[in-house]
Amino acid sequence: MSTIFDILSKKIIEWRKEESSIIEKGGTKVLSEVTVAQAYGGMRGVSSIICDTSRVPQDQGLIIREKPLKDLLNKTPEEIFFLLLTSELPDSNELNEFSAEIKKRKIVPQYVWDVLKAMPHDSHPMTMLNTAILVLQRESIFSKQYDRGMRKEDYWKATLEDGLNIVSKLPAIAAGIYRMRFNKGEIILPEAEMDLTSDYVHMLGLGKNKTDEFKDLMRMYLVAHSDHEGGNVSALTNLTISSALSDLYYSLSGGFNGLAGPLHGLANQECLKWILEIMEKYGQTPSIDQLKDIVWDTLKAGKVIPGYGHAVLRVTDPRFEGFLQFGKLHFPEDPIFLTVSRLFDIVPNELKKVEKIKNPWPNVDAASGSMLYYYGIKEFSYYTVVFAVSRSLGLTAQSVINRALNAPLIRPKSVTSNFIKKFIS
Ligand code: HAX
């Protein structure tokens, strides 16, 4: 039976040939130009990175390996991880083999728990997650093999080993953080035979209520957040760190430090916090007029409306649509969900009135937190951790492919403002 290493070995030979041929044929063609405004403006719209795992057209949203997200929302994280890595969904034999490869690496060393237990009790769950990943760095196969003089063409294999080890352990680490940080009792150990989703749900230990429904939400959550092309803060950070040949433990935790920002993954925490504040102010589900007032109060206070807008997207995020449908199916009358869907009815029209906002539509974070809240994860500072467990799939796949294709050191040129002043005059 072919392992993921066998499957990728064959594909990587082809991908390397393809890359050489592209550069040979079109290497001198101009892909993108950079204006002065773009240099000052976070490089928005500058195409200068290659990422084959997924793409995000501004009018469609996430497409993983040419498959639109909406067609993948019924898949498992294992299937998506395989798709991200190989460009194809697995057949049943491949899936069994790949799942077994993940299952055998689940156990988290005791020293990780010791370090987490020693952290201040009010540490942010994202700080705990990133600390755990960094502490695990001593396990890096890439680092050990690099020190022994590994051949460059084998870098990707050692990176995949690291990725499989991290992805397999993250549900246990993330669930352990939840239980420790929020006084939920002893950590629950992984079950050898459970898949990623079932085991994560099992180790969170939320009780038996609605377990199958929650498991289905968690499966979808882990699929929906898995990747979002190569230029977002966490992906670009992961890529940049990785390009110095730092191993995946370093690059992934670095990327997740970016995910922990309120303009990126932490927006799901911010969004639910905002919604709960609104509900406290007005009582259960506020009316449309009350919500309009809140939107304008928030904007006038110079704050962003969390969960709305996007650096790339110019339509409703298909990930948001997936969660909205899930909520409509399972808990349409829940007051928090009703507030989320009422906000969706009014916020885009209000944001359209603010000229500078390029995208008035909701992104994934506008709905995802309310889903977790409904099933009992009420501690919203935890939400970005769930996001990170999912995003480890995409960032691992991106890193493996970059190593396979010998992605070079990332080193764009910076210029000074004085240079720009002379340049424009
Ligand atoms: N509420 C208020 N103002 C907003 C806004 C929002 N939801 N979205 C954009 N703007 C403002 C920007 O702050 C910016 O204002 P300034 O020029 O005064 O700085 C202006 O509109 C132009 O921004 P833009 O070009 O439309 O958007 P950017 O590419 O600069 O930023 C962001 C994209 C996602 C950061 C932005 O829309 C935002 O802050 N949204 C709220 C936070 C959020 O939901 N983040 C999660 C994004 C998805 C994600 O990465 N998830 O992990």
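All values below were derived from every heavy atom in this structure, side-chain atoms included, with hydrogens, water molecules and symmetry-related copies excluded. In each ligand, atom 1 is the first atom listed, and ligand 1 is the first ligand listed.
Among protein heavy atoms, atom 51 (N) of ligand 1 sits closest to Asp365 OD2, 2.8 Å. The protein atom (non-hydrogen) at minimum distance from atom 36 (C) of ligand 1 is Tyr308 O, 4.4 Å. In this structure, atom 26 (O) of ligand 1 lies nearest to the protein heavy atom Lys358 N, 2.9 Å. Nearest protein neighbour of atom 27 (O) of ligand 1, counting heavy atoms only, is His310 O, 4.4 Å. From the protein, the heavy atom lying nearest to atom 1 (N) of ligand 1 is Ile305 N, 2.9 Å. The shortest contact between atom 16 (P) of ligand 1 and any protein heavy atom is with Lys356 NZ, 3.8 Å. In terms of protein heavy-atom proximity, atom 43 (C) of ligand 1 is nearest to Ala267 CB, 3.6 Å. Nearest protein neighbour of atom 30 (O) of ligand 1, counting heavy atoms only, is Arg44 NH2, 3.1 Å.
Those atoms of ligand 1 with a heavy atom of Phe387 less than 4.0 angstrom away are 52 (O). The distance from ligand 1 to the heavy atoms of Gly265 drops below 4.0 Å at these ligand atoms: 52 (O).
Looking at Pro262, Gly302, Gly42, it is Pro262 that brings a heavy atom closest to atom 42 (C) of ligand 1. Closest heavy-atom approach to atom 44 (O) of ligand 1 among the candidates Gly309, Gly307, Ala311: Gly307. For atom 4 (C) of ligand 1, the choice among Ile357, Leu259, Leu299, Asn268 with the nearest heavy atom turns out to be Ile357.
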Please determine whether salt bridge (Lys or Arg N to Asp or Glu O under 4.0 Å) holds for the pair Asp227 and Arg391, giving the CA-CA distance in whole Å, both sets of side-chain angles, and the decisive distance to 0.1 Å. CA-CA 6 Å; Asp227 205 35; Arg391 190 53 64 89; 5.2 Å; no
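In this structure, Thr339 contributes its side chain and Pro335 its backbone to a donor-acceptor pair below 3.5 Å.
Here Glu350 pairs with Lys353 in a salt bridge; the nearest charged N to carboxylate O distance falls below 4.0 Å. By the 4.0 Å N-to-carboxylate-O rule, Lys11 lies close enough to Glu88 to be salt-bridged with it. Taking the charged nitrogens against the carboxylate oxygens, Glu161 and Arg105 do have a contact shorter than 4.0 Å, which makes a salt bridge.
Counting non-hydrogen atoms of other residues, nucleotides and ligands closer than 6.0 Å to NZ of Lys103 gives a total above 12. By the neighbour-count criterion of 12 heavy atoms within 6.0 Å, atom OH of Tyr249 is densely surrounded, having more than that number from other residues, nucleotides or ligands.
For Leu351, no nitrogen or oxygen atom sits less than 3.5 Å from a nitrogen or oxygen atom of ligand 1, counting backbone and side chain alike. The shortest N/O to N/O separation between Lys303 and ligand 1 does not fall below 3.5 Å. Distances between N or O atoms of His264 and those of ligand 1 include at least one value under 3.5 Å.
Atom 12 (C) of ligand 1 is never approached by the protein to below 4.0 angstrom, counting heavy atoms only. For atom 19 (O) of ligand 1, no protein heavy-atom neighbour is present inside the 4.0 Å cut-off. At a distance under 4.0 Å, no protein heavy atom can be found next to atom 32 (C) of ligand 1.
Not close to ligand 1: Asn232, with no non-hydrogen atom less than 4.0 angstrom away.
With Tyr373 as the aromatic partner, Lys378 meets the cation-pi criteria of under 6.0 angstrom to the ring centre and within 45 degrees of the ring axis.
Ring centers of His228 and His310: under 6.0 Å apart, within the cut-off.
Residues Tyr375 and Glu213 are in side-chain contact: their nearest non-hydrogen atoms beyond the backbone lie under 4.5 Å apart.
Between the side chains of Tyr40 and Ser417, at least one donor N or O lies within less than 3.5 Å of an accepting N or O. The closest side-chain donor-acceptor pair between His124 and Gln269 falls under 3.5 angstrom.
Test Phe214, Phe323, Tyr200 against Tyr221 for ring pair (Phe, Tyr, Trp, His ring centres under 6.0 Å) and you get one pass: Phe323.
Within the 4.0 Å heavy-atom criterion, both parts of Val304, backbone and side chain, lie near ligand 1.
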